[in-house]
2 protein chains.
Amino acid sequence: MQTQTTPTAPQSRASSQPQASGRSLEHPRREAIRLEDVLHALSDPMRMRVVRTLEEENCELSCSVFDLPVSKSTTTHHFRVLRECGVIHQIYRGTAKMSALRRDDLDALFPGLLDSVLAAAALQEGRLGGNRG
Amino acid sequence: MQTQTTPTAPQSRASSQPQASGRSLEHPRREAIRLEDVLHALSDPMRMRVVRTLEEENCELSCSVFDLPVSKSTTTHHFRVLRECGVIHQIYRGTAKMSALRRDDLDALFPGLLDSVLAAAALQEGRLGGNRG
DNA sequence: AGTGTAGTTTGACGATCGCCGTACTACTTC
DNA sequence: GAAGTAGTACGGCGATCGTCAAACTACACT
């Protein structure tokens, strides 16, 4: 994704790279993450799809690369749910909003949970015949 | 439901223990169990409590031993959700309805998932201060 | 300044959820 | 039989969910 090239020096007022914009995003502290909220977040196919993609790519991704089969506002909603329950971290970079899995926090709080959920999703996908969704 | 007009049928008392009654309970086949349904089922605190108790006791338990802080009809509802999504197996024994975890099925479909979810629940309970909710 | 891209906010919608009480069925025991 | 116990079915209630369209804000690139 990301033709990361963008060599034309983000000369912007700031010094180096496109930094987080003024808009602020609320994230729960690690200790505030609740298992039931995480399970609920992951019980939606759209959100599971997002989490699986983030895991596979293993890097920050902008919301727009996901191309979910729902409207823009619904996409915003799902990312917000994932962020507010502590599953992903989001940050503004210019006009994009980058998302990343909060792997370290989740692994610290619930060891092995994310791995087994993702493995289960992959297994089920294979079982049901590659309906990635 | 079925007008079991077989009066001589309940010979059970004479023979052995109370067997499964005529009332039938629908369970999804193993292959029909869906990850998203399981995660949704476990995202409710009442149902998580039931599942944790079943795991700890590791045997069939009647609904009435759980003593959830909700009404009888709500309890029925939660057990039904757990059964219909494939997390528990239920069977009538006389006037009681016994419930048991479908550990083998869940472990076969989603290896490690149940364990890590239960471990996560235990960890969180310790973290948040023993509110066994 | 003007156009375009990326994402948000609002308000609405139907569906589902968790919960209740009441009335009911199925079984056991007296 | 009658009485008691265990659980179900049926609405109904308010809250939340997933979804959408429309109007909006924030940034980038001419």
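So you know, we letter chains A, B, ... as the sequences are listed, proteins then strands, and number each from 1. All values reported here derive from a predicted model rather than from experimental measurement.
Among the heavy atoms of the strands, none lies under 4.0 Å from A:Thr75.
Closest to the A:Val70 side chain, of the nucleotides D:dA26, C:dA26, D:dT19, is D:dT19. The side chain of A:His78 lies closest to D:dT19, out of D:dA6, D:dT19, C:dG7. Each of D:dG7, D:dT5, C:dT8 was ranked by its minimum atom distance to the side chain of B:Cys63; first place goes to D:dG7.
In this entry the distance linking CD of A:Glu84 with P of D:dG18 reads 12 Å, nearest Å. One can place CG of B:Leu61 at 11 Å from P of D:dG7, the figure rounded to the nearest angstrom. What separates NE2 of B:His77 from C1' of C:dC17 is a distance of 6 Å, to the nearest Å. Between A:Asp44 atom CG and C:dC17 atom P the separation is 13 Å, expressed in whole Å. If you measure from atom CD1 of A:Ile91 to atom P of C:dA6, you get 19 Å, rounded to the nearest angstrom. One can place CG of B:Asp67 at 16 Å from C1' of D:dT5, the figure rounded to the nearest angstrom. Between B:Arg80 atom CZ and D:dG7 atom P the separation is 15 Å, expressed in whole Å. Note: CZ (A:Phe79) to P (D:dG18) measures 14 Å, nearest angstrom.
No donor-acceptor distance shorter than 3.5 angstrom exists from the side chain of A:Glu60 to the backbone of A:Met98, with no hydrogens or angles considered. A donor-acceptor pair under 3.5 Å is formed between the side chain of A:Arg83 and the backbone N or O of A:Glu26. A donor-acceptor pair under 3.5 Å is absent between the side-chain atoms of B:Arg30 and the main chain of B:Leu109, judged by distance alone.
Contact annotation: A:Arg47 side-chain N/O to D:dG18 OP1/OP2 distance is under 4.0 Å. Phosphate proximity of C:dG7 to A:Ser64: present, with a side-chain N or O under 4.0 Å from OP1 or OP2. In this structure, A:Ser71 reaches the D:dC20 phosphate: one of its side-chain N or O atoms is under 4.0 Å from OP1 or OP2. Not one side-chain nitrogen or oxygen of B:Thr76 sits closer than 4.0 Å to the OP1 or OP2 atom of D:dG7. Within the 4.0 Å cut-off from OP1 or OP2 of C:dT8, at least one side-chain nitrogen or oxygen of A:Tyr92 is found. Between C:dC20 and B:Thr74, a contact under 4.0 Å exists linking OP1 or OP2 to a side-chain N or O. Residue B:His40 places none of its side-chain N or O atoms closer than 4.0 Å to OP1 or OP2 of D:dC17.
Between A:Arg49 and A:Asp67 no salt bridge is recorded (no basic side-chain N to carboxylate O distance below 4.0 Å). B:Asp105 has a carboxylate O that lies under 4.0 Å from a charged side-chain N of B:Arg102, or vice versa, which qualifies the two as a salt bridge.
Where B:Ser43 and B:Lys72 meet DNA chain C, the nucleotide closest to each residue was compared, and B:Ser43 sits on the side nearer the 5' end.
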Could you go through B:His78 and B:Arg47, starting from their C-alpha distance and side-chain angles, then the distance that decides it, and tell me whether this counts as side-chain hydrogen bond (donor to acceptor under 3.5 Å, both in side chains)?
CA-CA 6 Å; B:His78 284 311; B:Arg47 294 192 291 256; 3.2 Å; yes
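The base of D:dA21 sits within donor-acceptor range of the side chain of A:Ser73, with an N or O pair under 3.5 Å.
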